[in-house]
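Heads up, the thing below is written out as structure tokens.
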2 protein chains.
Amino acid sequence: MIPKRVGIKDVASAAGVSVTTVSHILNATPNTRASEETRRRVKDAARALGYGPNRLAQGLRTQRSGMIGLLSEEIATTPHAVRIILGAQEAARAHGLSLMIINSTHDANDESRRDDIAALLERQVDGILWATIMYHREVSLPSNLVGVPAVLIDARDRAGLAPGVEPDEESGARAAVTALIQAGHRRIGFVNYHGDIPATHGRLRGYRSVLAEHGIPFDESLVVAADYEALDGYAVTLPLLDRPDRPTALFCFNDRMAMGAYRAAAELHITIPEELSIVGFDNQELIAANLFPALTTVALPHYEMGVWAVDTLVRIMNGHEEDRLLSDHPTFMECPLVIRQSIAAPAL
Amino acid sequence: MIPKRVGIKDVASAAGVSVTTVSHILNATPNTRASEETRRRVKDAARALGYGPNRLAQGLRTQRSGMIGLLSEEIATTPHAVRIILGAQEAARAHGLSLMIINSTHDANDESRRDDIAALLERQVDGILWATIMYHREVSLPSNLVGVPAVLIDARDRAGLAPGVEPDEESGARAAVTALIQAGHRRIGFVNYHGDIPATHGRLRGYRSVLAEHGIPFDESLVVAADYEALDGYAVTLPLLDRPDRPTALFCFNDRMAMGAYRAAAELHITIPEELSIVGFDNQELIAANLFPALTTVALPHYEMGVWAVDTLVRIMNGHEEDRLLSDHPTFMECPLVIRQSIAAPAL
DNA sequence: CTGTTAGCGCATTCAG
DNA sequence: CTGAATGCGCTAACAG
């Protein structure tokens with residue numbers, strides 16, 4: 001690096017004071033250590049020399065690196081989860097921390113995971129965020145993460161050693177179905193995913209509970225399930241819409257399946273939203289905003305989870321032990337409804 | 001951090017040798033400094049104690065932090081550009097380096113940009129990657145980046161001080177149009193973006209050059225342009241397809257516009273690919289893979305650009321000055337065609 | 001109000 | 001083949 005580093009020492013001699021004084025002044029130590037006069041001299045000298053502290057040395061000395069590690073599993077790969085990184089990064093910056101990212105593949109085994117954590121630890125990170133996209137949301141903390149300030153994203157620790165955040169699938173589904181009912185619908189189909197993951201069950205629970213609260217009997221024939229791509233949504237929606245007693249609205253497991261439902265409706269000459277209202281899930285802008293009509297859907301609070309995780313991690317790092325209590329139970333984050341144009345009152 | 005750090009000193013006393021010896025052995029200093037016997041003792045002790053070097057201290061001493069910074073402008077936000085991060089991260093890991101990420105907004109001004117770079121520099125990063133998504137691809141290196149090993153992604157430095165990579169838009173367009181011509185098409189429409197960005201011009205150049213090479217006259221009426229969302233693509237494609245002499249194939253500026261073209265075709269009862277072939281650009285899986293039929297498109301080499309950038313940065317950091325020469329001219333990366341189901345021979 | 005000093009954990013001369 | 005000593009840049013007692 002050609003521009004040779006200017007250190008505290010250079011500032012000191014330039015200002016004609018000792019390094020101690022410089023250190024105190026630049027770190028804004030509470031007690032008015034130096035006179036206004038010297039403060040100015042030092043600050044001016046620092047600015048003139050283009051001084052910036054060497055955070056490595058600082059960290060070595062203070063035992064705080066000011067860095068936090070984000071171990072993300074496959075997350076940098078799935079587009080709509082990038083917002084976790086974004087939220088974490090912005091929250092970290094707000095706390096004066098830097099984010100160090102390691103992305104591992106979904107099939108990472110325990111050992112490679114431990115290696116990744118070790119790498120972060122060698123860098124002396126002050127805490128670690130572990131974001132997963134897994135089938136089972138319950139995980140076990142890797143052994144070398146035990147005792148280290150850590151927060152899980154999209155997962156919960158089996159042993160309750162670290163707090164975690166997850167999207168509140170159920171309330172998200174509730175928001176979606178409620179919107180449909182408020183528009184006047186009573187025959188609402190649910191195009192679910194057939195896999196055994198928390199989202200599947202949570203969203204179904206939300207769907208059922210809202211129906212029940214509105215006195216609408218649960219009709220099993222209105223619930224179908226398939227894989228979660230557009231084609232699967234299409235295949236399973238087609239027969240559902242090709243019935244004399246077809247639903248007037250559809251709640252789809254995700255935006256991709258909703259995309260398939262759009263196609264099924266088009267083929268059957270059913271217009272959206274006049275003859276069929278649709279709500280999706282995930283708020284994948286690329287799809288939701290570009291479908292016609294634009295899809296009303298439920299957003300996953302990835303950004304917010306990233307922020308929450310960092311804020312919580314910072315409190316734990318600062319020794320607020322009460323936050324450890326959060327480890328007992330998962331924290332759920334709201335999934336807000338994003339209203340676009342795919343809902344209308346049912347046709348008479 | 002509860003698990004108290006074990007240092008080189010602990011290993012030394014556990015193995016009954018000096019810290020010097022431990023340092024040499026663990027760093028695999030070339031010359032066989034120690035006897036096989038002591039090597040084993042030291043290594044065993046290190047493993048037993050779960051020793052890991054303190055990279056902060058190491059960096060302070062060696063003047064190399066082993067970290068590189070990635071300053072990304074709005075990049076963590078645009079889904080299909082996340083692959084830059086992924087590529088950079090994996091390449092960095094392969095070099096034993098860690099990636100520190102800072103995401104700034106698109107409207108970042110020069111000052112905030114300098115601040116971000118300063119933050120990275122304070123962390124003593126060994127080099128910086130600057131990824132932008134800009135209208136003008138020519139940028140000026142922020143002053144505090146001059147002299148620091150740096151590589152640009154998706155941009156080129158006006159002053160030629162740092163090398164940069166960009167996607168080869170023209171060759172991507174050529175691949176797309178060539179595929180169409182090889183399928184037998186001669187009336188090929190181009191649904192372009194109306195903005196004045198490199199992609200607009202590069203793709204048009206590619207389109208025109210391939211036509212010319214195949215002796216197909218350029219027909220201006222087959223080229224339309226609009227904003228780049230699905231709705232815009234739809235609006236502009238509809239009249240194009242509603243002509244008696246409509247094109248038998250369409251090359252779209254991006255997958256979103258192609259999505260709009262699909263809708264236009266559907267409304268006109270033109271089936272894809274039998275009566276109309278379509279190629280997109282960007283390879284946004286969410287759209288391309290979920291359209292029906294799945295969209296053949298051109299992929300942006302984001303991952304590869306991330307890898308190239310890190311590899312190049314590493315060489316520069318190691319003082320391979322010949323790599324600085326790369327700064328003179330931008331490096332272009334191929335945009336490969338991703339074949340799906342939207343191309344067929346034209347109907348007779 | 002300000003300066004001296006002793007490490008933080010490690011790599012590296014330079015002597016054995 | 002191995003060890004003692006020095007300092008990377010900075011903070012924090014502890015003196016003045």
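As a basis for the values below, the full set of heavy atoms in this structure was taken, side chains included, without hydrogen atoms, waters or symmetry mates.
Spacing between atom NE2 of A/His24 and atom C1' of D/dA12 amounts to 7 Å, rounded to whole angstrom units. Rounding to whole angstrom units, CZ of residue B/Arg39 and P of D/dC1 are separated by 10 Å. A/Lys9 places its NZ atom 13 Å from the P atom of D/dT11, with the value rounded to the nearest Å. Rounded to whole angstrom, the span from the CZ atom of A/Arg123 across to the C1' atom of C/dG9 amounts to 15 Å. C/dG9 atom C1' lies 10 Å from atom CG of B/Asp10, rounded to whole Å. Atom CG of B/Asn27 is separated from atom P of C/dC10 by 10 Å (rounded to the nearest Å). In this structure, CD1 of A/Ile8 is placed 14 Å from P of C/dT4, rounded to the nearest angstrom.
The side chain of A/Thr38 contributes an N or O atom lying less than 4.0 Å from OP1 or OP2 of C/dT2. For the pair B/Thr20 and D/dG3, the criterion of a side-chain N or O lying under 4.0 Å from OP1 or OP2 is not met.
Residue B/Thr21 has its side chain nearest to D/dT2 when only C/dT13, D/dA13, D/dT2 are considered.
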Identify each donor-acceptor pair in which a side-chain atom of residues 306-318 of chain A lies under 3.5 Å from a protein atom, sequence neighbours left out, and give them as a table.
residue	atom	partner	partner atom	Å
A/Asp311	OD1	A/His95	NE2	2.8
A/Thr312	OG1	A/Trp308	O	2.8
A/Arg315	NE	A/Asp323	OD1	3.0
A/Arg315	NE	A/Asp323	OD2	3.2
A/Arg315	NH2	A/Asp323	OD1	3.3
A/Asn318	OD1	A/Arg64	NH1	3.4
A/Asn318	ND2	A/Val314	O	3.4

Show me, pair by pair, the donor-acceptor contacts under 3.5 angstrom made by side chains of residues 9-17 of chain B, not counting sequence neighbours?
residue	atom	partner	partner atom	Å
B/Asp10	OD2	B/Gly7	N	2.6
B/Ser13	OG	B/Asp10	O	3.2

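Not counting sequence neighbours, the partners of B/Glu37 by the salt bridge (Lys or Arg N to Asp or Glu O under 4.0 Å) test are B/Arg41. Under the side chain to side chain contact (heavy atoms under 4.5 Å, CB included) criterion, A/Glu122 pairs with B/Pro53, B/Arg55, not counting sequence neighbours. Residues that satisfy the side chain to side chain contact (heavy atoms under 4.5 Å, CB included) test with A/Pro330, not counting sequence neighbours, are A/Arg156, A/Glu166, A/Phe332. Qualifying salt bridge (Lys or Arg N to Asp or Glu O under 4.0 Å) partners for B/Arg40, counting only residues two or more places apart in sequence or in other chains: B/Asp44. For the salt bridge (Lys or Arg N to Asp or Glu O under 4.0 Å) test, no residue two or more places apart in sequence or in another chain qualifies with A/Arg61. With sequence neighbours left out, B/Ala94 forms a side chain to side chain contact (heavy atoms under 4.5 Å, CB included) with no residue at all.
Residues from residues 56-64 of chain A lying near DNA chain D, meaning a heavy-atom separation below 4.0 Å, are A/Ala57, A/Gln58, A/Arg61, A/Thr62 in numerical order. Taking a 4.0 Å limit (strictly below) on heavy-atom distances, residues 45-55 of chain A does not reach DNA chain C anywhere.
Within the structure, salt bridge (charged side-chain N to carboxylate O under 4.0 Å, His left out) contacts touching residues 92-101 of chain A (residues at least two apart or in different chains) are A/Arg93-B/Asp116.
The closest side-chain heavy-atom distance from B/Ile68 to B/Leu99 is below 4.5 Å.
In the interface, the side chain of B/Ser23 is not paired with the base of C/dT12 through any donor and acceptor atom under 3.5 Å apart.
A donor and an acceptor atom, one from each side chain of A/Ser23 and A/Thr20, are nowhere located under 3.5 Å apart.
For the helix from C/dC1-D/dG16 to C/dG16-D/dC1, the angle separating the two terminal helix axes comes to 40°, with each axis derived from five pairs and the value rounded to 10°.
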